[in-house]
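Worksheet for the structure shown next.
What you see is a predicted model, and the numbers here were worked out from it, not measured in a lab. Protein chains get the first letters and strands the later ones, always in sequence-line order, with residue 1 at the start of each.
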Amino acid sequence: MVSIELLSNLSSKIISLTQEKNVSEAEFYGKFDDIIQVEITSNGIGKIVSRSIGKYALRIAIGKRIGLTYSENIDEKSIPSIVEKAISITKTAPEDEKWPGFPRGYSGKGGLKVYDKDLALITLESLIEFLGEVIDTSIDSARKAGALEAVVTRGYLWIVRSSIYIENSYGDSISGRSTALSVYYNIYVRNREGDTAYPFTIQIRRLDKDKIFNKVVETAGLAVKFIGAKSIDSDRYQLLIMPEVHGELVETVFSPAVSAYSIQRNRSPLKDRVGEQIFSEDITIYDDPHMDYGFGSRPFDDEGIMTTSKPLVDNGVFKNIVYDHYTASIEGKKSTGNAVRRRLNSMPTPTPLNIVFKARNTEDLESMISMIRKGIIVFGVIGSWMSNPVNGAIQATITHGLYVENGEIKYPVKGVVMGGNYYNYLKQDLIALGKDIVNYSHIYAIPILVDNVPIAGK
Amino acid sequence: MDAYKGGKSVDGIVSLMIRLGLEYDHRIYASSHGDYLDMTTRLVGLGVYSVARHEGVAESVWDFDSMVAGWEYIGMKDWYEFAREVSKLASDAAKAPVVKPGVYQAVLDNDMVGLMLHEAFGHATEADIVGSRDSVLYGRIGEKVASELVTIVDDGLVKGGYFLPYDDEGTPKRKVATVENGVLRSYLHSLSTAKVLGGEPTGNARAMDYQNVPLIRQTNTYMMPRDYSVEELFEDIKYGLYICGRGAKGGQVSTSTGTFTFTAGPSYIIENGEIKGLVRGVMLSGNILETLKGVDAVANDLKVRTNVFGGCGKGGQVVRVGDGGPHVRVKSITIGG
């Protein structure tokens, strides 16, 4: 809480000075991050870095001119120069006739859990012991699954404890804190047929050891299945896209498409389509920032406005666009509490917070596999972020897949490019929806079985 | 404003964004070994993101021009024309067919070669990745890993690239040939990895800022030119693809297996040695060592560029880099669309 007091004191002085300088409006956004970063190497634990970073952004308006400055200097002596810099930038900015003023009436969703005391207070000794167990479990599990050699090769663990303080010149202020844990590494496995490597990744808000170790064991067991992977002929295939890969596609293609920022700038295929059937009627998708310990959960957005839970897609029908204060005011609406600053030195833009699939008529995984005549179960891809949110075109290279014929897994597949369009995947080409929800960062996705996907292989 | 007008001058543009980037990087390095360095680098540039729509098909192209230089660079270039060309490419691409998936003989342009070398090969030469056995190049010094036409260097001082005379451990940045005539000669080292793995420090320990520890990072990665003219590369191709980097979204690699994937910009079909129609949605995929072994001609037109709007990410840190090369022909490459 010391960090929030520190940010609050800094903010009060900055806001006061902007008022003395006759600035029309001012908004302070401060963040204090306590970070522990542990490197994972093939020899075990590598470099450990612990750092505390205080930083803030100051947005001001002079009439209809808007400017933003950013600083990592939280020394009060730097305040006059930061404020002068903000004023100088703002005076040179062109007028924005659509500027609605900074949002007022800050509030947050009460009781939402996004801060885990166990994670926040973990000692370095306990953390290293825990990470050692993760590495050992991963290697043991791979060996039990048939690997003659297993090595956790390279990765990182991050713990971030964040404090946020927002204040504006209208007398509003709000603060909050959160925790996050991210772990990723590669596990290399070898047996008589060859070798391969498979990534482990998890992003959560609390130290849920059961969830972590279950995934460690599952990942190590899967890694062995991909040894000896090969390409397949170019053709159209059925794809069973596993939840994490599906989450990657949603993050790249669907998430930006429901943002008012993209829609108002003609960068979304969903422009003018609210009320239209865009997906199968079995699909409902929520933006739900109110799940306890959800990776994207938060009580208020980056403009201090309370977040809201709402359907983006309801029984296949496109229902809601997500707005921040600026984009909402352009359409005469209220913010949906989706303002996100990707970095402190960038303006807030509307972004979904937790995208959660709530499908009906779902199937379990075994049943979905039994439906495949000729297809691939897709466990891992690279390059999915190069898919196109402007038109929904999917492009990714499958690095970890299993080829299936008539419901039977035959052999591992790698190095083939999957194409098609996400909006077709979830409508005319959709065969079945899976039950199991798994999170990829702030996307809580399900497996999907899709027909007729173009694959470029041999 | 000139750039904005140029970008808007093309029919069919539905969204346009112009970005101006100015960076001032001042580093002071001092160590108990008596080293003291004071380095300043200025980087400027302008970027254009243009979205075109034609009969319901939307296509976007992002391109930039950056230089280690002062403000005078912005005054030296015709930004109206630069932005107009980007918008024209987006507009043409929206009207173009999607490339047919399959295996193609291909010519890669300068930007595409640079992107591929940095992502698909350069990361695998970083000694911390090699030391962790997470690189397809682990234990292969002295082995043939590419066609004998291929020489790849990492160089802190090259025209068009990022300026890096010293790394963040105070080591002079040497021009290092990681691959020489197809043979793997060196990894990229910090002081500690050079000691552990055996090798000379190469000046590749770089930190994003003072809050982060130096990691092994590339500087400017490029392929050395040979003696073919660019036109000669196309002459023998009956049916292939001219893969262009303008509008490319980037790439990703699995360093442990060498599997790579890239999205190229709008590209061109080659028929009987001639550049023909434009195609969109070009995604390349393959194994980097197989692809480099398939290089059968390297042109003489070296070009390297850097980027004020982006850089290379690793371990949560982003640093500025440069990349490039001459035009290069490869025997076969898998294309998805």
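- A distance of 4.0 Å separates CD1 in I53(A) from CD in Q211(B), rounded to the nearest 0.5 Å.
- Under a cut-off of 6.0 angstrom, the local environment of CZ in R51(A) is crowded, with over 12 non-hydrogen atoms contributed by other residues, nucleotides or ligands.
- Taken from CG in D195(A) to OG in S256(B), the straight-line distance is 9.0 Å, to the nearest 0.5 Å.
- Across all non-hydrogen atoms, the minimal contact from G457(A) to V103(B) is O-CG2, 3.7 Å.
- Between S15(B) and the choices R265(A), Q264(A), R267(A), the side-chain hydrogen bond (donor to acceptor under 3.5 Å, both in side chains) rule is met once, by R267(A).
- The distance from the CG atom of N186(A) to the CG atom of D134(B) is 4.5 Å, given to the nearest 0.5 Å.
- Contact annotation for T399(A): only side-chain heavy atoms (C-beta onward) come within less than 4.5 Å of a heavy atom of chain B.
- With values rounded to the nearest 0.5 angstrom, T41(A) atom OG1 is found 12.0 Å from R133(B) atom CZ.
- Of the two parts of E72(A), only the side chain, counted from C-beta on, holds a non-hydrogen atom closer than 4.5 Å to a non-hydrogen atom of chain B.
- Using a 4.5 Å cut-off between heavy atoms, Y138(B) does not touch chain A at all.
- Under a cut-off of 6.0 angstrom, the local environment of NZ in K249(B) is crowded, with over 12 non-hydrogen atoms contributed by other residues, nucleotides or ligands.
- Ranked by heavy-atom pairs under 4.5 Å with chain B, the first of V49(A), N388(A), I40(A), I35(A) is N388(A).
- Nearest heavy atoms, T259(B) versus G415(A): CG2-CA, 4.4 Å.
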| task | Quick one: do E126(B) and R154(A) satisfy salt bridge (Lys or Arg N to Asp or Glu O under 4.0 Å)? Show the steps, please. | result | CA-CA 13 Å; E126(B) 293 165 359; R154(A) 187 172 62 97; over 6 Å; no
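- Closest heavy-atom contact between M386(A) and Q252(B): CE-N, 4.4 Å.
- For K314(B), the NZ atom sits in a packed shell: over 12 heavy atoms of surrounding residues, nucleotides or ligands are nearer than 6.0 Å.
- For S268(A), the part sitting under 4.5 Å from any heavy atom of chain B is the backbone (N, CA, C, O) and nothing else.
- Looking at V253(B), the atoms closer than 4.5 Å to chain A (heavy atoms on both sides) all sit in the backbone: N, CA, C or O.
- Shown here for V390(A) and A58(B), the closest heavy-atom pair between the two residues is CG1-CB, 3.2 Å.
- The neighbour count for K230(A) NZ, taken as heavy atoms of other residues, nucleotides or ligands under 6.0 Å away, does not exceed 12.
- Your options are N287(B), T255(B), N212(B), T257(B), and the one with the most heavy-atom pairs under 4.5 Å with chain A is N212(B).
- Proximity of V51(B) to N266(A): side-chain heavy atoms (C-beta onward) are nowhere separated by under 4.5 Å.
- Ranking A396(A), G155(A), A393(A) against chain B, the residue ahead of the rest is A396(A), based on heavy-atom pairs under 4.5 Å.
- Taking OG from S285(B) and CD1 from I382(A), the interatomic distance works out to 6.5 Å, rounded to the nearest 0.5 Å.
- Of all the heavy atoms in G102(B) and S234(A), the pair that sits closest is CA-OG, 4.3 Å.
- When heavy atoms are compared at a cutoff of 4.5 Å, L215(B) approaches chain A solely by way of its side chain, counted from C-beta outward.
- When all heavy atoms of P101(B) and A456(A) are compared, the closest pair comes out as CB-CB, 3.7 Å.
- Between the side chain of S132(B) and the backbone N or O of T153(A) there is at least one donor-acceptor pair closer than 3.5 Å.
- No more than 12 heavy atoms of other residues, nucleotides or ligands shown are found within 6.0 angstrom of CD on E55(B).
- Within a 6.0 Å sphere centred on CG of D75(A), other residues, nucleotides and ligands contribute more than 12 heavy atoms.
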